[in-house]
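Worth knowing before you read on, the calculation uses all heavy atoms, side chains too, and leaves out hydrogens, waters and symmetry mates. Bear in mind the structure is a predicted one, so any value in this text is a computation, not a measurement.
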Amino acid sequence: MEKTHLSWDEIKHWSDILAEKIAADCADLEQATLVAVSRGGLIPAQLVAYKLNIRDVRVMKLISYNDAGQREEIKDISTDRLFDGGDVYFIDDLADSGSTVEYIRKKFPTARICTLLMKTCCEKEPDICARSGLDADAWLVFPWD
């Protein structure tokens, strides 16, 4: 399978799009909280936070792949207990199968779930996405990988 290497410029561009969509969605950015879904959402969340001047940034640590890169059941290893609300935006890099979106939505039903990218195979779509329609079989390599 051919790998698609994403550039830092692409990540910045999609993060800017995500920030614009969050700004349009959020009633009061001063009250907004960003939650980076670790590890893939850490850099996009930071870029969005700086773009929108959001200072309340938290981390949700989820593991869904083992050391061999195979998908496993999602494990939440967060130490920070997050809260739910319409002004809470979870940020992740990719919606692939949709299992992370489904997990977060069940745990925090009124929060908004945002991703930079979404594949066509995604069964549970995020609320906000910078770019969708990516091929289900695409092997994406992020600059931090």
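- Taking the charged nitrogens against the carboxylate oxygens, Arg105 and Asp127 do have a contact shorter than 4.0 Å, which makes a salt bridge.
- Between Ile54 atom CD1 and Gln46 atom CD the span is 13.0 Å, to the nearest 0.5 Å.
- Of the possible polar contacts, one joining the Lys119 side chain to the Ala138 backbone as a donor-acceptor pair under 3.5 Å is found.
- Among all heavy-atom pairs drawn from Ala36 and Ala45, the shortest one is CB-CB, 3.6 Å.
- The main-chain N or O of Thr115 is never found under 3.5 Å from a side-chain atom of Asp92 such that the two would form a donor-acceptor pair.
- Not counting sequence neighbours, Glu125 has no partner by the salt bridge (Lys or Arg N to Asp or Glu O under 4.0 Å) test.
- Contact annotation: the side chain of Ile43 approaches that of Trp8 to within less than 4.5 Å [non-hydrogen atoms, C-beta and beyond].
- The residue from Val57, Val59, Val37, Leu47 that alone fulfils the side chain to side chain contact (heavy atoms under 4.5 Å, CB included) condition with Leu42 is Val59.
- Ion pair Lys21/Asp25 not flagged as a salt bridge, since none of the NZ, NE, NH1 or NH2 atoms sits closer than 4.0 Å to an Asp/Glu carboxylate oxygen.
- Panel note: side chain Gln31, backbone Asp28; no donor-acceptor pair is recorded below 3.5 Å.
- Residues satisfying the ring-ring contact (aromatic ring centres under 6.0 Å, His included) test with Phe142, not counting sequence neighbours, are Trp144.
- Of all heavy-atom pairs between Pro126 and Ala95, the closest is CD-CB, 3.9 Å.
- The closest side-chain heavy-atom distance from Leu117 to Cys129 is not below 4.5 Å.
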